[in-house]
Every structure is written in C-alpha cells, then in structure tokens.
Protein chains: 2
Amino acid sequence: MKSGPDIARVAALVGDPARANMLTALLDGQALTASELAQEGGVTVQTASSHLGKLLQARLVGVRKQGRHRYYDLGGRDVAHMLEALMGVAAGAGPTRVRPGPKEPALRKARVCYDHLAGDLGVQLYEGIRRLKLLAKDGEAIALTRKGRRFCTDFAIDLADLERLRRPLCRECLDWSARRSHLAGSLGSAFLARFYDLGWAKRVPSSRVVAFSSTGEKAFLDRFAA
Amino acid sequence: MKSGPDIARVAALVGDPARANMLTALLDGQALTASELAQEGGVTVQTASSHLGKLLQARLVGVRKQGRHRYYDLGGRDVAHMLEALMGVAAGAGPTRVRPGPKEPALRKARVCYDHLAGDLGVQLYEGIRRLKLLAKDGEAIALTRKGRRFCTDFAIDLADLERLRRPLCRECLDWSARRSHLAGSLGSAFLARFYDLGWAKRVPSSRVVAFSSTGEKAFLDRFAA
DNA sequence: TAGACGCTTCGATTATCATCGAGGTATGAA
DNA sequence: TTCATACCTCGATGATAATCGAAGCGTCTA
C-alpha cells in the first residue's frame, strides 16, 4: 500500500493557490525575491514567508542570500518538469475550463520553460532541427550530428563551453500546450539566449511570454521552419 | 499573473493522502471498484465516495458501471505521467526522506507504469531495442525500423492489431527511479503482455511490482541487454 | 548611530475540508 | 417480494492550515 515516494506531500504543497502561483512565477528559471513572490502569490509578505519556508524544506525551491535580499529559485529541473506535467493535466481537466485570458494565446505561441523555449515556436524549433538532421537519437541520448555541430558554430553557440557543464546537452521536454516535445538541455538554453542576443525576441516583463519581433520571427522561421 | 492552467486545483486533489493512495493504486492501469479504492486509501467507503466524486469531476479518473459495481480507472495517460513526475520530485525531496521499505528495491527494479514496464528493466528494454536498431526517431515520433518489425513478428506481437488502435505505437516515458526513458505506447504495453505470456514475469498482487522469474530474467537480458 | 528596508517568527483568528454515522437508491439473489 | 450488496448523499464534527497583525532580527544607507 505505502509503496513509492510520498507523492501527497509535494502535491499538497503545490495545491495551495498562493504557492502554486509562486512556483509558476519561478518556472521561467529566474530567481525572485521574497517580496516579489508575495506579490505573485497575492498574499502578504508574512504569509509568503511561511509558504517559502515550507517549499524550501521540501526542496521545491532554493535560496541565495544576497545583501538584504533573499533570492528564491526553483529547486531543480525535475520540479519544473513536474509543474509542466501538472499544467498538462489541468489544461484539459475540470468543468471549470481555464478561460483563455488575454495572455493565453501569447503563452501558447512562445514562452519560457525554465530556461529554454516552449510553446508553438519551441516545438517548431525542435522539429525543424530534427528535420534538418542536426540532431540524432543515439541510444538513449539525443546528440548533435556533425552537421549540427557545424550549424551551432555558425550560429555562434560555443559547444565546448556547454559541454564543460555537467548538464546534458540535449533533452526533450513535453509541452503542455502543444503536447509535443521541444528542446531542453543546455543547448535549448543556449538557443534561447542566442535569440535574445540577436534581437529576435525578448522577455515580456513579469510573465513567461517570449515576444518575437516581426523580423525576428521571420528570421526564426526562415532558419528552422523552412 | 493568472496565466496558464489552474495547476493548484489538480495539485490539491492529489495533495490529500487518501486520494493520492487511490491514484497510485490505479497507476498500474487496472480498474478498481469504489470499495477496493476505499481500502487502498485507508478510509471508509463514504469518504472514498466523496473523494472519487471530486476526482471524477476533474477527470483525473473515469468510471465504468458494471452491474452493481463501479469500476474506476485513471483519467488518461497524461494523468499517469503527472503522477510519475510527482514521484520523481518526491523521491529526492524533503528532510523526511522516504524510508526504503522492503518493496522499494523491487519497485525500482521492475514495476508496472500504467500498462507498460518501468524501472531498471524497463529502461534496459528501451535502451536495448534502441541499441539493436529496432527503433528509430523519425522527426517527432519514434517508429519501428524494418528490422524492428521483423523482430516483433518473431516475438509474436501482432503489429497490425496494435496499429488499428488510435493510440500511438511508440512513446517515451520518463522513469522516476532510473531518471531515464523507457518504452510506453501500445508497443510497450504489448511487450509487457508478452512477458507475462511467456511466463518470464508476473504481477505481484496488490502492488505495482513485476516479478521476473530467474529463468525469465535471464531470457529477458539475453534478448535485450546483450 | 539612527533610520529604512527586507525578511522572518510568533500568536490568534478563521475558513476549509476530510471524516464518518445515518439514511437513501440502484442492482442482484433467493 | 424480501433480503443483501455496492454505492451514493446528507449533515454534524473536528482537525488542519492559511492568513495577517505585531514584533524581532540582520543589512544597507547616510
């Protein structure tokens, strides 16, 4: 009966609206201060502090002290993955369907998932580079082909840098809106950073939306969704 | 702020211990009656009924009436996936670490995940058939190679049968214990069924453990983990 | 040193929800 | 019909936990 990990404990933590909002706010990978998270959660700082204490104890978030601020970030990639999985279920569940707010279509199109691109464009990116044979499945891991490595160099992504990290280079991540995979891992992260650098896209403040400029989107589609 | 699906609602549902236990009991894909689920959850039937009503409304479970019984099963594959993701986080979280009960190692080695094989042996199966080039990634979906199709026929798996279903043939599923992918989809399901048929393994009653006989395990490793 | 700021801890209040007894409604058996 | 089973609904009870005011503790600025 009591087999496997204690799933109810962590689910209950995410089950509180205030905490859920905080976690979702952290889902883009950037760290936020306790007061900012209180704002995101729609509660006072005292309440938020209590919540953060619990999340911290369960390792769902981490902290870095910096001066008189305390920066909280997500506990890890598996936490992000779990949250996205929850969204996948929540999206198609309940009689109280999520009413598609004004931001919804934008989120569906392109958003940040921890530190890489998700949404329609994220899926297009992944499928594009698969179609161009820049990536190949080799056994368990996805790996860059020779052609892929050349492409990255051309695209000003320093592979040597990425490979020094202990983090896997390529990884699939399931998209809750598109229900398809997109590219995660350090390479996914590097791609997104490059899009920012090139001025193709930028983050919309205080949301997970990634806004592509019209020229940026054209360039993006040109490269990857040919 | 209020962007994306209502994650707290579903998390709160899973957050109750009784409901969590019920869901975990359903994770192996077989349907259970309301009374059986009450037992699994450690509550009376009235309480269980209340819980099941909520889970049903949120589509986390489904029902089939059959005579005077009501068979509940998991709402879908995405629900199963979410639960596994939660386990992944719960496994490595909290100061109250899960104490590895007697069943734990067995669960880690081989268990049922909805309807296919998970755990170490599940991962070995997947990696084995990848290594043998029976599967290939083609764009977005994983597909059987010609060699793979021949293998299945030899292994007495009726592909034509499987392909009539609307369900995808091959699919990856992330393992919470091994943190690697294993094979899901109707093919994953067919493989497991075949292992039962061959007498290589059988289910341990009222648990998710899949017990391989010693000869069965040898045959399994011979084929897939060569 | 004083004061402002960011955050946490403590304590009291309140609302939510799981729980189960009692009673009600289908289904199946005798 | 009558009884038993499987399940659900209703209502009362109780425990848990979210919430915020007040107060305390570091840290930065002047």
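Note that the structure is a prediction, hence the values are computed from the model and not measured. To find a chain, count down the sequence lines: A is the first, B the second, and so on, and within it residues start at 1.
For B/His51, the ring-ring contact (aromatic ring centres under 6.0 Å, His included) criterion is met by no residue, not counting sequence neighbours. By the ring-ring contact (aromatic ring centres under 6.0 Å, His included) test, A/Phe212 pairs with A/Phe220, sequence neighbours left out. For the side-chain contact (heavy atoms from CB on, under 4.5 Å) test, residues two or more places apart in sequence or in another chain that qualify with A/Asp161 are A/Asp158, A/Arg164. Taking B/Val45 as the reference, B/Ser35, B/Ala38 meet the side-chain contact (heavy atoms from CB on, under 4.5 Å) condition, with sequence neighbours excluded. For A/Ser214, the side-chain hydrogen bond (donor to acceptor under 3.5 Å, both in side chains) criterion is met by no residue, not counting sequence neighbours.
Within the 4.0 Å cut-off from OP1 or OP2 of D/dA6, not a single side-chain nitrogen or oxygen of B/Arg70 is found.
Checking C/dG6, D/dC8, C/dT8 against the side-chain heavy atoms of B/Ala34 singles out D/dC8 as nearest. Of all nucleotides listed (D/dT19, D/dC8, D/dC20), D/dT19 comes nearest to the side chain of A/Ala18. Picking from C/dT8, C/dT19, D/dT19 the nucleotide with the shortest atom distance to the side chain of A/Thr47 gives D/dT19. The side chain of A/Thr44 lies closest to D/dC20, out of D/dC20, D/dT9, C/dT8. Side-chain atoms of A/His69 lie closest to C/dG6 of the nucleotides D/dC8, D/dA18, C/dG6.
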- Message: Does A/Ser186 form a side chain to side chain donor-acceptor pair (under 3.5 Å) with A/Ser189? I'd like the steps, not just the answer.
- Response: CA-CA 5 Å; A/Ser186 63; A/Ser189 174; over 6 Å; no
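Atom CE of A/Met22 and atom P of D/dA18 are 11 Å apart (whole Å). Across the protein-nucleic acid pair, A/Gln46 atom CD and D/dC20 atom P stand 8 Å apart, rounded to whole Å. Regarding A/Arg64, its CZ atom lies at a distance of 18 Å from the P atom of C/dG6, rounded to whole Å. Across the protein-nucleic acid pair, A/Gln57 atom CD and D/dA17 atom P stand 13 Å apart, rounded to whole Å. In this structure, the CG atom of B/Asn21 is 14 Å from the C1' atom of C/dA18, given to the nearest Å. In this structure, the CG atom of A/Asp16 is 17 Å from the P atom of C/dA15, given to the nearest Å.
Sorted by first then second residue, the salt bridge (Lys or Arg N to Asp or Glu O under 4.0 Å) pairs that include residues 47-56 of chain B, not counting sequence neighbours, number zero. The stretch residues 12-36 of chain A participates, sequence neighbours left out, in these salt bridge (Lys or Arg N to Asp or Glu O under 4.0 Å) pairs: A/Asp28-A/Arg203.
Both B/Tyr72 and A/Val43 lie close to DNA chain D; mapped to their nearest nucleotides by heavy-atom distance, the more 5′-ward contact belongs to B/Tyr72.
Within residues 48-56 of chain A, the residues approached by DNA chain D to less than 4.0 Å at the level of any non-hydrogen atom are A/His51, A/Lys54, in residue-number order.
Taking the six-membered ring for Trp and the full ring otherwise, the centers of B/Phe224 and B/Tyr126 sit at least 6.0 Å from each other.
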- Item | Summary of protein contacts for nucleotides 24-30 of chain C, nucleotide by nucleotide, where a base hit scores B, a sugar-phosphate-only hit scores S (4.0 Å, heavy atoms) | ---BS--
